[in-house]
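Please read all numbers here as calculations on a predicted model, not as lab measurements. Proteins come first, then strands; the chains are lettered A, B, ... in the order of their sequence lines, and each starts at number 1.
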Amino acid sequence: MHKDGNQVRVRFAPSPTGYLHVGGLRTALFNYLFARKHGGKFILRIEDTDRKRSISGALEKLTSTLKGIGLQYDEGPDIGGNCGPYIQSQRLDIYKKYTQKLLDSGNAYYCFCSEERLNNLREEQRKRKRPPMYDGKCRDLSKDEVEDKLNEGLPFVIRLRYPREGKTVFDDVVRDRVAIDNSMVDDQVLIKSDGFPTYHLASVVDDHLMKITHVIRGEEWLSSVPKHIFLYESFGWEVPVFVHLPLLLNPDRSKLSKRQGDVSVESYLKRGYLPGVMLNFIALLGWHSADDREIYSLEELENAFSLDRINKAGAIFDIEKLNWMGGQYIRSLDVEYIADQSRHFFEETGIDISDNGKYLKVVNTARDYVYCLSDIVEHAKMFYEDLIFSEEDRELIGQEDSRRIFSYWIKALGKKTGWKPEEISLLIKQSIGELGIKGKNFYFPIRLALFGNCHGPDIPTLINILGTGESIKRLETCLTQ
RNA sequence: GUCCCCAUCGUCUAGUGGCCUAGGACACCGGCUUUUCACGCCGGCAGCCGGGGUUCGACUCCCCGUGGGGACGCCA
């Protein structure tokens, strides 16, 4: 299943931006699934080589989100492993060592060009409708020239001396064979002037040192593969298998971004989209089994997943379908589980749910209306709080017929406690007959009195949840208004 | 602009030359159920980007267009 019969080792390598992007979650998930499917290892590595972008606390947030959603990694910054450290900013000496090898072999060179010169160069090239690339000014500096500039203390970067002739052909599990002309590949900066490596150097070095067998990442990396291959070959290392995943897209088909909606996994989780839902939904963006199945637990995905069923085309992140799936899960899981997961949403609102029997009934009823847990409160609070009536509601409540209904029901319900739903159904029929009020004129006032809304669960359910005492109390409240 | 990638209902997708009169799911529309809403059930609408080949036969293979996306940073 992989080269040399070695154990599969894959990694998810995000930069610590402060939240987990749904695109990142998809990459993480596919890596995870592939590792689990083949009994391999799933590694978390933090790519914090951009000092401007790193945010404090991001690491903790990331690791807890990953674990919370169920993607437990086998090696990583907080849990260690044999190939650490797993944070790139702690591996600077390693990159330095390998950069020196590149310098020695002539596959990299010092560049002293100022940012200003580079900007002007690019601008000029753009104007001439040429691809913006480094012009190689420092590519052929003599040893002495380099020495002099270094001694002068000039700031420098180290660039890859990429061949200008020929073409690079490589295989990708998703894209098949890809060919890129070497003349199109830039002399990539490997070490920035602050001494930190860029992605290209760091990820190649780390992937090799961490014995990564399959590089599974987003398609945005496809065009830099030649640089990576050149690096592997310069070091004399084996090139891993590349798997470039189709991009996740905004509704307008551009690369999924936070400008067009919520892309933070944490915020979905916070709103009570179940972890399993996020995973299940996102697995289907770019992957699909041969049959029509769409609902999978993480464990089932681990078994069903395979790289050869990954799609080539990008997929729009469609929140409508996410919502549908959310509702499916909320309705099909054990009510105890849903109730338990929803508990804190009620507590945050200050609702007293200490009566567990009632709480379970409430959740069981309210879950028909929602696709994420936080919305349950909206459909449940009427069972706990005093009802608020609009002007229109009051008018209906105050009508003579309404008052007759309330009186009748107060009296009827008061005869006993522990009414069963079937008995309530019977009582409804009976009261309609005796009062001579039917249809909307009967149901709307009583529903309003009990629930504060003309729409919602049926009356037997309402009374069953509220209990006889509270039901009578609510009817009396309306009668005295 | 250059290079690379991609292309089946509005969306996610099944389809690997005949099983396709193109299947499923979301959304949408209609019906049933319900006092109502929601859930649920049933049904419907809707697609192979275009043009050339190859072939007895193309959604499927090839070419050319077109369209979309990505990359072109001392960001990842």
Between [X] and [Y], is the ring centre distance below 6.0 Å?
| X | Y | answer |
| --- | --- | --- |
| A/Tyr359 | A/Phe346 | yes |
| A/Phe281 | A/Tyr273 | no |
| A/Phe34 | A/His214 | yes |
| A/Phe305 | A/Phe30 | yes |
| A/Trp287 | A/Tyr296 | yes |

Please determine, for the side chain of [X], which listed nucleotide ([options]) has the closest atom?
| X | options | value |
| --- | --- | --- |
| A/Ile180 | B/C12, B/C74, B/C4 | B/C4 |
| A/Lys129 | B/G1, B/A76, B/C6 | B/G1 |
| A/Asp50 | B/G69, B/C75, B/C72 | B/C75 |
| A/Val189 | B/G70, B/C26, B/C74 | B/C74 |
| A/Phe444 | B/U36, B/C6, B/C12 | B/U36 |
| A/Lys312 | B/A7, B/U36, B/G23 | B/A7 |
| A/Met184 | B/C3, B/G70, B/G24 | B/C3 |
| A/Asp458 | B/G68, B/A71, B/U36 | B/U36 |

Using a 4.0 Å heavy-atom cut-off, does [X] contact any base of the nucleic acid, only the sugar-phosphate backbone, or nothing at all?
| X | value |
| --- | --- |
| A/Gly456 | base |
| A/Lys52 | sugar-phosphate |
| A/Pro14 | nothing |
| A/Ser203 | nothing |
| A/Arg53 | base |
| A/Gly286 | sugar-phosphate |
| A/Ser193 | base |
| A/Gln328 | sugar-phosphate |
| A/Arg122 | sugar-phosphate |
| A/Lys438 | nothing |
| A/Glu47 | sugar-phosphate |

Quickly work out the [X] [atom1] to [N] [atom2] distance and round it to whole Å.
| X | N | atom1 | atom2 | answer |
| --- | --- | --- | --- | --- |
| A/Asn311 | B/C5 | CG | C1' | 14 Å |
| A/Leu322 | B/U13 | CG | P | 14 Å |
| A/Arg367 | B/G40 | CZ | C1' | 13 Å |
| A/Asp368 | B/U34 | CG | P | 16 Å |
| A/Asp375 | B/C39 | CG | C1' | 16 Å |
| A/Glu320 | B/U11 | CD | P | 14 Å |
| A/Ile282 | B/U11 | CD1 | P | 19 Å |
| A/Leu154 | B/C74 | CG | C1' | 16 Å |

N-O pairing of A/Arg404 and A/Asp401 below 4.0 Å: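 The answer is yes: the pair qualifies as a salt bridge.
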
Salt-bridge criterion met for A/Asp187 and A/Arg161 (N-O under 4.0 Å): no

hbond_proxy A/Ser223 side chain to B/C4 base (donor-acceptor, 3.5 Å cutoff):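 Answer is no: no donor-acceptor pair is held.
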
Base B/C37 to side chain A/Tyr369, donor-acceptor N/O within 3.5 Å cut-off: yes

Can you find a side chain N or O atom of [X] that sits less than 4.0 Å from OP1 or OP2 on [N]?
| X | N | answer |
| --- | --- | --- |
| A/Lys429 | B/U35 | no |
| A/Arg331 | B/G40 | yes |
| A/Arg309 | B/G15 | yes |
| A/Ser289 | B/A14 | no |

Pi stacking test for A/Tyr443 and B/U35: under 5.5 Å apart, planes under 30°: yes

